[in-house]
Undergrad: 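Provided herewith is a single structure, encoded as C-alpha coordinates, for subsequent inquiry.
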Amino acid sequence: MGLTTRRSSRASIMDLPELIILEILLYLSIKGIVMCKCVCKTWQHLISNPHFAKHHFAHSKAGILIRPSDVGRISRMLYFMEPSVISVIEAGQQVNLKPDTKLKTPLLNVDAQAIAFIEGNTKRKRTINLDTKNHKISIVNSCNGFLCLFERSHNNPTVVCNSVTNEYIELPPAINADESTVTCGFGFCQLTNQYKVLRVLSPGKNQLAKSQIEGTTFYPNRVVEIHTLGTKTWRNIGFAPSFQCIKSPIYLNGSFIGSVTDVAGMILYSHLSLAVSASNLFLYLQLIVLVE
Amino acid sequence: MSSSEERKLILKSSDNEEFVVKESSAVQCLTIKNLVEDRCVSDPIPLANVDSKILALVIEFMEKHAETTLSNSEKKEFDVEFVKKPFDDLLELILAANYLDFRELMDVLCNTCAKQMENWSVEEVREKFNIQNDYTVEEEKAARAENPWAFE
(Lines give C-alpha, C1' and ligand atoms only; values in the text may rest on other atoms or scores of the structure.)
Protein backbone atom coordinates (compact mmCIF):
# COMPACT_ATOMS: atom_id res chain seq x y z
CA MET A 1 0.00 0.00 0.00
CA GLY A 2 1.15 3.54 -0.58
CA LEU A 3 1.53 6.13 2.10
CA THR A 4 -1.97 7.43 1.51
CA THR A 5 -3.18 6.04 4.82
CA ARG A 6 -0.53 8.00 6.66
CA ARG A 7 -1.20 11.45 5.30
CA SER A 8 -1.77 12.82 8.77
CA SER A 9 1.58 11.85 10.29
CA ARG A 10 4.93 12.73 8.73
CA ALA A 11 6.28 10.17 6.31
CA SER A 12 9.65 8.63 6.96
CA ILE A 13 12.15 7.27 4.54
CA MET A 14 12.09 4.14 6.66
CA ASP A 15 8.62 3.46 5.33
CA LEU A 16 10.20 2.62 2.01
CA PRO A 17 11.02 -1.01 1.33
CA GLU A 18 14.63 -1.89 2.14
CA LEU A 19 15.50 -2.46 -1.50
CA ILE A 20 14.54 1.09 -2.34
CA ILE A 21 16.59 2.55 0.50
CA LEU A 22 19.51 0.51 -0.82
CA GLU A 23 18.99 1.99 -4.27
CA ILE A 24 19.23 5.49 -2.88
CA LEU A 25 22.35 4.62 -0.90
CA LEU A 26 23.98 3.27 -4.06
CA TYR A 27 24.05 6.77 -5.49
CA LEU A 28 26.05 8.15 -2.57
CA SER A 29 29.74 8.97 -2.61
CA ILE A 30 32.10 7.20 -0.22
CA LYS A 31 31.92 10.10 2.18
CA GLY A 32 28.13 10.00 2.06
CA ILE A 33 28.05 6.29 2.78
CA VAL A 34 30.43 6.54 5.70
CA MET A 35 28.26 9.30 7.13
CA CYS A 36 25.07 7.28 6.64
CA LYS A 37 26.47 4.41 8.64
CA CYS A 38 26.10 6.66 11.66
CA VAL A 39 22.47 7.61 11.06
CA CYS A 40 20.88 4.54 12.55
CA LYS A 41 21.64 0.88 13.16
CA THR A 42 19.42 -0.33 10.34
CA TRP A 43 21.42 1.70 7.83
CA GLN A 44 24.70 0.60 9.36
CA HIS A 45 23.57 -2.98 8.92
CA LEU A 46 22.53 -2.38 5.31
CA ILE A 47 25.79 -0.70 4.42
CA SER A 48 27.97 -3.23 6.21
CA ASN A 49 26.53 -6.06 4.16
CA PRO A 50 29.17 -7.26 1.65
CA HIS A 51 26.56 -7.31 -1.11
CA PHE A 52 26.13 -3.59 -0.70
CA ALA A 53 29.84 -2.98 -1.16
CA LYS A 54 29.80 -5.14 -4.26
CA HIS A 55 26.86 -3.29 -5.80
CA HIS A 56 28.14 0.12 -4.89
CA PHE A 57 31.50 -0.70 -6.43
CA ALA A 58 29.86 -1.98 -9.60
CA HIS A 59 27.62 1.07 -9.73
CA SER A 60 30.28 3.71 -9.21
CA LYS A 61 32.78 5.11 -11.63
CA ALA A 62 36.52 5.11 -11.01
CA GLY A 63 37.93 7.86 -8.87
CA ILE A 64 41.48 8.99 -8.36
CA LEU A 65 43.46 8.31 -5.21
CA ILE A 66 46.16 10.86 -4.53
CA ARG A 67 49.01 10.18 -2.19
CA PRO A 68 51.19 13.11 -1.21
CA SER A 69 54.85 12.18 -1.23
CA ASP A 70 57.32 13.62 1.18
CA VAL A 71 60.84 12.27 1.12
CA GLY A 72 61.24 12.76 4.83
CA ARG A 73 58.26 10.88 6.12
CA ILE A 74 55.82 8.12 5.37
CA SER A 75 52.56 9.45 4.18
CA ARG A 76 49.53 7.68 5.49
CA MET A 77 47.17 10.09 3.82
CA LEU A 78 45.32 9.23 0.67
CA TYR A 79 42.99 11.75 -0.88
CA PHE A 80 40.17 10.35 -2.90
CA MET A 81 38.69 12.39 -5.73
CA GLU A 82 35.12 11.39 -6.33
CA PRO A 83 34.21 10.74 -9.98
CA SER A 84 31.63 13.53 -10.13
CA VAL A 85 34.35 16.08 -9.45
CA ILE A 86 36.75 14.61 -11.99
CA SER A 87 34.32 14.72 -14.87
CA VAL A 88 34.14 18.49 -14.58
CA ILE A 89 37.84 19.09 -15.31
CA GLU A 90 38.72 19.76 -18.93
CA ALA A 91 42.10 19.00 -20.40
CA GLY A 92 44.64 21.73 -19.80
CA GLN A 93 42.46 23.47 -17.28
CA GLN A 94 44.05 24.45 -14.00
CA VAL A 95 41.77 23.82 -11.08
CA ASN A 96 41.97 24.13 -7.35
CA LEU A 97 40.24 21.21 -5.81
CA LYS A 98 39.72 20.26 -2.26
CA PRO A 99 39.36 16.50 -2.08
CA ASP A 100 36.72 15.82 0.49
CA THR A 101 37.47 12.23 1.16
CA LYS A 102 40.59 11.63 3.18
CA LEU A 103 41.60 8.06 3.74
CA LYS A 104 44.55 6.65 5.58
CA THR A 105 46.58 3.54 5.05
CA PRO A 106 46.34 1.55 8.26
CA LEU A 107 49.92 1.85 9.40
CA LEU A 108 51.39 3.21 12.53
CA ASN A 109 54.85 2.69 13.82
CA VAL A 110 55.35 0.18 16.61
CA ASP A 111 56.61 2.69 19.16
CA ALA A 112 53.44 4.74 19.04
CA GLN A 113 51.40 1.64 19.61
CA ALA A 114 53.57 0.61 22.55
CA ILE A 115 53.09 4.00 24.20
CA ALA A 116 49.35 3.82 23.82
CA PHE A 117 49.36 0.41 25.42
CA ILE A 118 51.43 1.52 28.41
CA GLU A 119 49.17 4.46 29.06
CA GLY A 120 46.37 2.06 29.73
CA ASN A 121 44.61 2.53 26.47
CA THR A 122 44.10 -1.13 25.85
CA LYS A 123 41.86 -0.56 22.90
CA ARG A 124 44.55 -0.66 20.25
CA LYS A 125 43.83 0.65 16.81
CA ARG A 126 44.18 -1.93 14.12
CA THR A 127 47.41 -1.09 12.40
CA ILE A 128 50.29 -2.82 10.71
CA ASN A 129 53.46 -3.26 12.71
CA LEU A 130 56.37 -1.52 11.15
CA ASP A 131 59.95 -1.12 12.11
CA THR A 132 60.31 2.48 13.19
CA LYS A 133 63.55 3.12 11.42
CA ASN A 134 62.95 1.90 7.95
CA HIS A 135 59.32 2.33 7.32
CA LYS A 136 58.78 3.45 3.81
CA ILE A 137 55.61 2.11 2.38
CA SER A 138 54.73 2.32 -1.26
CA ILE A 139 51.61 1.24 -3.05
CA VAL A 140 51.91 -1.61 -5.52
CA ASN A 141 48.62 -1.21 -7.32
CA SER A 142 44.92 -1.25 -6.68
CA CYS A 143 42.43 -3.93 -7.57
CA ASN A 144 38.68 -3.66 -7.00
CA GLY A 145 39.26 -0.83 -4.56
CA PHE A 146 41.81 -2.70 -2.44
CA LEU A 147 45.39 -1.54 -2.19
CA CYS A 148 48.49 -3.66 -1.95
CA LEU A 149 51.23 -2.06 0.11
CA PHE A 150 54.90 -2.72 -0.29
CA GLU A 151 57.38 -2.25 2.50
CA ARG A 152 60.69 -1.09 1.20
CA SER A 153 62.94 -2.02 4.09
CA HIS A 154 62.13 -5.67 3.67
CA ASN A 155 61.65 -5.20 -0.03
CA ASN A 156 58.42 -7.10 0.00
CA PRO A 157 54.74 -6.76 -0.51
CA THR A 158 53.43 -6.60 3.01
CA VAL A 159 49.74 -6.10 3.20
CA VAL A 160 46.52 -5.83 1.24
CA CYS A 161 44.20 -3.24 2.67
CA ASN A 162 40.91 -1.45 2.31
CA SER A 163 41.65 2.17 3.06
CA VAL A 164 38.03 3.09 3.73
CA THR A 165 37.35 0.51 6.42
CA ASN A 166 41.01 0.24 7.53
CA GLU A 167 40.84 -3.52 7.34
CA TYR A 168 43.89 -5.33 6.11
CA ILE A 169 45.38 -8.76 5.52
CA GLU A 170 49.03 -9.39 6.15
CA LEU A 171 50.92 -11.24 3.50
CA PRO A 172 53.34 -13.98 4.53
CA PRO A 173 56.88 -12.63 4.88
CA ALA A 174 59.72 -13.62 2.58
CA ILE A 175 61.43 -16.74 3.85
CA ASN A 176 64.87 -15.91 2.66
CA ALA A 177 66.19 -12.54 3.73
CA ASP A 178 68.56 -12.62 0.79
CA GLU A 179 65.84 -12.59 -1.76
CA SER A 180 64.40 -9.33 -2.92
CA THR A 181 61.30 -8.52 -4.86
CA VAL A 182 61.89 -7.08 -8.29
CA THR A 183 58.32 -6.58 -9.33
CA CYS A 184 55.00 -7.38 -7.80
CA GLY A 185 51.38 -7.07 -8.67
CA PHE A 186 48.04 -7.55 -6.98
CA GLY A 187 45.08 -8.88 -8.87
CA PHE A 188 41.85 -10.80 -8.85
CA CYS A 189 41.25 -14.12 -10.58
CA GLN A 190 37.63 -14.26 -11.68
CA LEU A 191 37.67 -18.00 -12.34
CA THR A 192 38.35 -18.90 -8.74
CA ASN A 193 37.02 -15.71 -7.13
CA GLN A 194 40.30 -15.19 -5.30
CA TYR A 195 42.69 -12.33 -4.85
CA LYS A 196 46.29 -13.05 -5.70
CA VAL A 197 49.60 -11.29 -5.22
CA LEU A 198 52.36 -12.01 -7.65
CA ARG A 199 56.04 -11.27 -7.13
CA VAL A 200 59.20 -11.74 -9.08
CA LEU A 201 62.04 -12.65 -6.75
CA SER A 202 65.64 -12.14 -7.32
CA PRO A 203 67.94 -14.48 -5.37
CA GLY A 204 70.65 -12.98 -3.19
CA LYS A 205 73.67 -11.34 -4.78
CA ASN A 206 75.85 -14.42 -4.60
CA GLN A 207 73.34 -16.58 -6.34
CA LEU A 208 72.02 -14.17 -8.88
CA ALA A 209 72.86 -15.32 -12.37
CA LYS A 210 73.55 -12.64 -14.86
CA SER A 211 74.43 -12.78 -18.51
CA GLN A 212 75.15 -10.11 -21.00
CA ILE A 213 73.92 -10.27 -24.56
CA GLU A 214 74.74 -7.39 -26.84
CA GLY A 215 75.10 -5.00 -23.99
CA THR A 216 71.83 -5.95 -22.29
CA THR A 217 71.76 -7.79 -18.99
CA PHE A 218 69.61 -10.85 -18.48
CA TYR A 219 68.69 -12.55 -15.21
CA PRO A 220 67.84 -16.15 -15.96
CA ASN A 221 67.27 -17.36 -12.40
CA ARG A 222 64.68 -14.98 -11.13
CA VAL A 223 61.59 -16.81 -9.94
CA VAL A 224 57.92 -15.98 -9.81
CA GLU A 225 55.91 -16.64 -6.70
CA ILE A 226 52.25 -16.27 -6.15
CA HIS A 227 50.17 -15.94 -3.03
CA THR A 228 46.44 -16.45 -2.77
CA LEU A 229 44.90 -14.23 -0.16
CA GLY A 230 43.71 -16.35 2.73
CA THR A 231 46.39 -18.98 2.37
CA LYS A 232 49.60 -19.00 4.36
CA THR A 233 52.44 -19.18 1.89
CA TRP A 234 53.92 -18.02 -1.33
CA ARG A 235 54.03 -20.63 -4.07
CA ASN A 236 56.86 -20.87 -6.55
CA ILE A 237 55.48 -21.17 -10.04
CA GLY A 238 58.60 -21.10 -12.15
CA PHE A 239 61.21 -18.88 -13.66
CA ALA A 240 60.50 -15.31 -14.54
CA PRO A 241 61.00 -13.93 -18.02
CA SER A 242 64.71 -13.34 -18.15
CA PHE A 243 64.69 -9.87 -19.53
CA GLN A 244 63.97 -6.84 -17.44
CA CYS A 245 60.75 -7.35 -15.62
CA ILE A 246 57.54 -5.49 -15.96
CA LYS A 247 57.72 -2.22 -14.14
CA SER A 248 54.76 -1.30 -11.96
CA PRO A 249 52.16 -3.53 -13.50
CA ILE A 250 48.57 -2.37 -13.43
CA TYR A 251 45.81 -4.85 -12.80
CA LEU A 252 43.00 -4.70 -15.34
CA ASN A 253 40.26 -7.28 -15.86
CA GLY A 254 42.17 -10.40 -14.96
CA SER A 255 45.57 -9.39 -16.27
CA PHE A 256 48.59 -7.35 -15.39
CA ILE A 257 49.68 -4.82 -17.92
CA GLY A 258 52.98 -3.04 -17.94
CA SER A 259 55.97 -2.19 -20.04
CA VAL A 260 59.11 -4.24 -20.56
CA THR A 261 62.30 -3.31 -22.34
CA ASP A 262 63.66 -5.96 -24.70
CA VAL A 263 67.12 -6.64 -26.12
CA ALA A 264 67.07 -3.90 -28.67
CA GLY A 265 65.86 -1.39 -26.13
CA MET A 266 62.38 -1.37 -27.59
CA ILE A 267 59.55 -0.94 -25.20
CA LEU A 268 56.96 -3.65 -25.35
CA TYR A 269 53.66 -3.75 -23.57
CA SER A 270 53.24 -7.05 -21.89
CA HIS A 271 50.04 -8.64 -20.86
CA LEU A 272 50.21 -11.18 -18.09
CA SER A 273 46.98 -12.98 -17.48
CA LEU A 274 46.10 -14.95 -14.43
CA ALA A 275 44.21 -18.09 -15.30
CA VAL A 276 43.70 -20.98 -12.95
CA SER A 277 42.96 -24.54 -13.86
CA ALA A 278 42.30 -27.00 -11.04
CA SER A 279 45.28 -26.70 -8.71
CA ASN A 280 47.73 -25.38 -11.22
CA LEU A 281 48.46 -21.84 -12.09
CA PHE A 282 49.37 -20.99 -15.62
CA LEU A 283 51.15 -17.79 -16.28
CA TYR A 284 50.87 -16.48 -19.77
CA LEU A 285 53.13 -13.79 -20.95
CA GLN A 286 52.06 -12.36 -24.22
CA LEU A 287 54.16 -9.72 -25.74
CA ILE A 288 52.58 -7.13 -27.90
CA VAL A 289 55.19 -5.41 -29.97
CA LEU A 290 54.70 -1.75 -30.61
CA VAL A 291 55.02 -0.86 -34.25
CA GLU A 292 57.25 2.14 -34.70
CA MET B 1 -3.77 10.13 -38.56
CA SER B 2 -5.54 6.84 -38.01
CA SER B 3 -6.53 5.90 -34.47
CA SER B 4 -4.20 2.88 -34.38
CA GLU B 5 -1.11 5.12 -34.57
CA GLU B 6 -1.85 6.78 -31.28
CA ARG B 7 -3.12 3.99 -29.09
CA LYS B 8 -4.39 5.22 -25.80
CA LEU B 9 -4.70 3.59 -22.43
CA ILE B 10 -6.82 4.53 -19.48
CA LEU B 11 -5.15 4.38 -16.09
CA LYS B 12 -7.28 4.44 -12.97
CA SER B 13 -5.84 5.64 -9.68
CA SER B 14 -6.60 4.14 -6.28
CA ASP B 15 -9.17 6.88 -5.67
CA ASN B 16 -10.96 6.05 -8.91
CA GLU B 17 -9.81 8.92 -11.07
CA GLU B 18 -9.17 8.05 -14.70
CA PHE B 19 -6.31 9.32 -16.83
CA VAL B 20 -5.91 8.89 -20.58
CA VAL B 21 -2.33 8.34 -21.75
CA LYS B 22 -0.63 7.37 -24.97
CA GLU B 23 0.38 3.73 -24.96
CA SER B 24 3.82 4.68 -26.26
CA SER B 25 4.39 6.84 -23.16
CA ALA B 26 2.85 4.39 -20.71
CA VAL B 27 5.04 1.46 -21.70
CA GLN B 28 8.02 3.19 -20.09
CA CYS B 29 6.47 1.62 -17.01
CA LEU B 30 7.37 -2.03 -17.31
CA THR B 31 4.41 -3.09 -15.21
CA ILE B 32 2.08 -1.55 -17.81
CA LYS B 33 4.23 -2.76 -20.70
CA ASN B 34 3.95 -6.35 -19.48
CA LEU B 35 0.18 -6.04 -19.24
CA VAL B 36 -0.01 -4.73 -22.79
CA GLU B 37 2.28 -7.40 -24.21
CA ASP B 38 0.44 -10.18 -22.41
CA ARG B 39 -2.80 -8.75 -23.74
CA CYS B 40 -4.17 -8.49 -20.22
CA VAL B 41 -5.25 -4.93 -20.66
CA SER B 42 -8.56 -4.23 -19.11
CA ASP B 43 -10.15 -0.91 -19.74
CA PRO B 44 -9.27 1.04 -17.58
CA ILE B 45 -6.08 -0.34 -15.96
CA PRO B 46 -6.50 -0.17 -12.18
CA LEU B 47 -3.46 1.00 -10.23
CA ALA B 48 -4.40 0.24 -6.66
CA ASN B 49 -1.18 1.56 -5.14
CA VAL B 50 -1.10 5.00 -6.71
CA ASP B 51 -3.43 7.86 -5.85
CA SER B 52 -4.55 10.51 -8.34
CA LYS B 53 -2.19 13.26 -7.20
CA ILE B 54 0.87 11.08 -7.62
CA LEU B 55 -0.38 9.43 -10.78
CA ALA B 56 -0.82 12.84 -12.39
CA LEU B 57 2.83 13.63 -11.58
CA VAL B 58 4.02 10.28 -12.90
CA ILE B 59 2.12 10.87 -16.12
CA GLU B 60 3.63 14.34 -16.45
CA PHE B 61 7.13 12.85 -16.17
CA MET B 62 6.26 9.94 -18.40
CA GLU B 63 4.99 12.11 -21.24
CA LYS B 64 7.90 14.51 -21.04
CA HIS B 65 10.39 11.70 -21.33
CA ALA B 66 8.51 10.01 -24.15
CA GLU B 67 8.71 13.13 -26.32
CA THR B 68 11.19 12.46 -29.07
CA THR B 69 11.49 16.13 -30.02
CA LEU B 70 13.15 17.05 -26.73
CA SER B 71 16.92 16.88 -26.29
CA ASN B 72 18.52 15.14 -23.31
CA SER B 73 19.55 18.41 -21.75
CA GLU B 74 15.99 19.72 -22.01
CA LYS B 75 14.78 16.57 -20.28
CA LYS B 76 17.41 17.05 -17.58
CA GLU B 77 16.24 20.61 -17.04
CA PHE B 78 12.72 19.33 -16.63
CA ASP B 79 13.94 16.72 -14.14
CA VAL B 80 15.66 19.35 -12.03
CA GLU B 81 12.43 21.31 -11.70
CA PHE B 82 10.31 18.19 -11.33
CA VAL B 83 12.10 17.05 -8.19
CA LYS B 84 11.58 20.33 -6.38
CA LYS B 85 8.72 18.92 -4.38
CA PRO B 86 7.96 18.35 -0.72
CA PHE B 87 9.63 15.32 0.75
CA ASP B 88 6.39 13.40 1.31
CA ASP B 89 5.55 13.70 -2.39
CA LEU B 90 9.00 12.48 -3.38
CA LEU B 91 8.60 9.42 -1.17
CA GLU B 92 5.21 8.66 -2.69
CA LEU B 93 6.66 9.13 -6.17
CA ILE B 94 9.45 6.67 -5.36
CA LEU B 95 6.90 4.11 -4.22
CA ALA B 96 4.83 4.67 -7.34
CA ALA B 97 7.86 4.41 -9.63
CA ASN B 98 8.79 1.18 -7.90
CA TYR B 99 5.28 -0.24 -8.24
CA LEU B 100 5.03 0.74 -11.90
CA ASP B 101 8.63 -0.37 -12.56
CA PHE B 102 9.45 3.00 -14.13
CA ARG B 103 13.24 2.86 -14.24
CA GLU B 104 13.95 6.37 -15.47
CA LEU B 105 11.81 8.05 -12.84
CA MET B 106 13.28 5.80 -10.15
CA ASP B 107 16.83 6.73 -11.12
CA VAL B 108 16.08 10.47 -11.12
CA LEU B 109 14.36 10.29 -7.72
CA CYS B 110 17.00 8.11 -6.03
CA ASN B 111 19.79 10.24 -7.41
CA THR B 112 18.02 13.36 -6.13
CA CYS B 113 17.63 11.93 -2.64
CA ALA B 114 21.26 10.87 -2.56
CA LYS B 115 22.49 14.26 -3.78
CA GLN B 116 20.49 16.02 -1.08
CA MET B 117 21.92 13.70 1.54
CA GLU B 118 25.53 14.41 0.53
CA ASN B 119 25.28 17.94 1.87
CA TRP B 120 23.64 17.08 5.13
CA SER B 121 25.04 16.17 8.49
CA VAL B 122 23.95 13.00 10.25
CA GLU B 123 21.45 14.96 12.34
CA GLU B 124 19.99 16.63 9.27
CA VAL B 125 19.51 13.29 7.53
CA ARG B 126 17.65 12.00 10.55
CA GLU B 127 15.51 15.10 10.83
CA LYS B 128 14.60 15.54 7.19
CA PHE B 129 14.00 11.87 6.52
CA ASN B 130 12.32 11.36 9.85
CA ILE B 131 14.59 8.54 11.00
CA GLN B 132 14.70 7.39 14.58
CA ASN B 133 18.20 7.32 16.06
CA ASP B 134 18.64 3.97 17.75
CA TYR B 135 22.31 4.41 18.67
CA THR B 136 23.40 5.01 22.24
CA VAL B 137 25.78 7.90 22.76
CA GLU B 138 28.78 5.58 23.03
CA GLU B 139 27.77 3.54 20.01
CA GLU B 140 27.41 6.62 17.89
CA LYS B 141 30.77 7.94 19.05
CA ALA B 142 32.42 4.66 18.13
CA ALA B 143 30.75 4.61 14.72
CA ARG B 144 31.95 8.14 13.96
CA ALA B 145 35.45 7.37 15.20
CA GLU B 146 35.87 4.73 12.50
CA ASN B 147 36.07 7.41 9.87
CA PRO B 148 36.63 10.75 11.55
CA TRP B 149 37.44 12.56 8.31
CA ALA B 150 33.84 12.33 7.18
CA PHE B 151 32.68 14.46 10.07
CA GLU B 152 35.21 17.23 10.03
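Residue numbering restarts at 1 for every chain, and letters A, B, ... go by the order of the sequence lines.
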Undergrad: Above 12 or not: heavy atoms from other molecules or residues under 6.0 Å from NE2 of A:H59?
TA: yes
Undergrad: Heavy-atom distance under 4.5 Å to chain A: side chain of B:V125, backbone, both or neither?
TA: side chain
Undergrad: Sort and list the pairs that fulfil side chain to side chain donor-acceptor pair (under 3.5 Å) and have at least one residue in residues 25-37 of chain A, not counting sequence neighbours.
TA: A:Y27-B:D107, A:S29-B:E118
Undergrad: Would you sort out whether A:I139 and A:L149 count as a side chain to side chain contact (heavy atoms under 4.5 Å, CB included), showing the intermediate values?
TA: CA-CA 5 Å; A:I139 298 176; A:L149 304 180; 3.8 Å; yes
Undergrad: Within the distance-only criterion (no hydrogens, no angle test), does the side chain of B:T31 pair as donor or acceptor with the backbone N or O of B:L100 below 3.5 angstrom?
TA: yes
Undergrad: Is the side chain of B:E140 donor-acceptor paired with the backbone N or O of B:V137 at a distance under 3.5 Å, no angle test?
TA: no
Undergrad: Using heavy-atom distances under 4.5 Å, tell me whether B:Y135 contacts chain A through its side chain, its backbone, both, or neither.
TA: both
Undergrad: Classify the side-chain pair B:N98/A:E23 by whether it contains a donor and acceptor separated by less than 3.5 Å.
TA: no
Undergrad: Would a 4.5 Å heavy-atom cut-off, applied to side chains only, mark B:F78 and B:L70 as touching?
TA: no
Undergrad: Please look at A:L25 and chain B and tell me whether the side chain, the backbone, both or neither of the residue comes under 4.5 angstrom of a heavy atom of that chain.
TA: side chain
Undergrad: Closer than 3.5 angstrom, by distance alone: can the side chain of A:T228 be matched with the main-chain N or O of A:K196 as a donor-acceptor pair?
TA: no
Undergrad: Do you know which of B:E146, B:R144, B:M106 has the most heavy-atom pairs with chain A at a distance under 4.5 angstrom?
TA: B:M106
Undergrad: Looking at every non-hydrogen atom in both residues, tell me the closest pair between A:G185 and A:V140 and how far apart they are.
TA: CA-CG1, 3.9 Å
Undergrad: Of all the residues in residues 38-48 of chain A, which have a heavy atom that comes within less than 4.5 Å of a heavy atom in chain B?
TA: A:C38, A:V39, A:C40, A:K41, A:T42, A:W43, A:Q44
Undergrad: Can you tell which part of B:T112 gets under 4.5 Å to a heavy atom of chain A, answering side chain, backbone, both or neither?
TA: neither
Undergrad: Among B:Q132, B:E139, B:E123, which residue has the highest count of heavy-atom pairs closer than 4.5 Å to chain A?
TA: B:E139
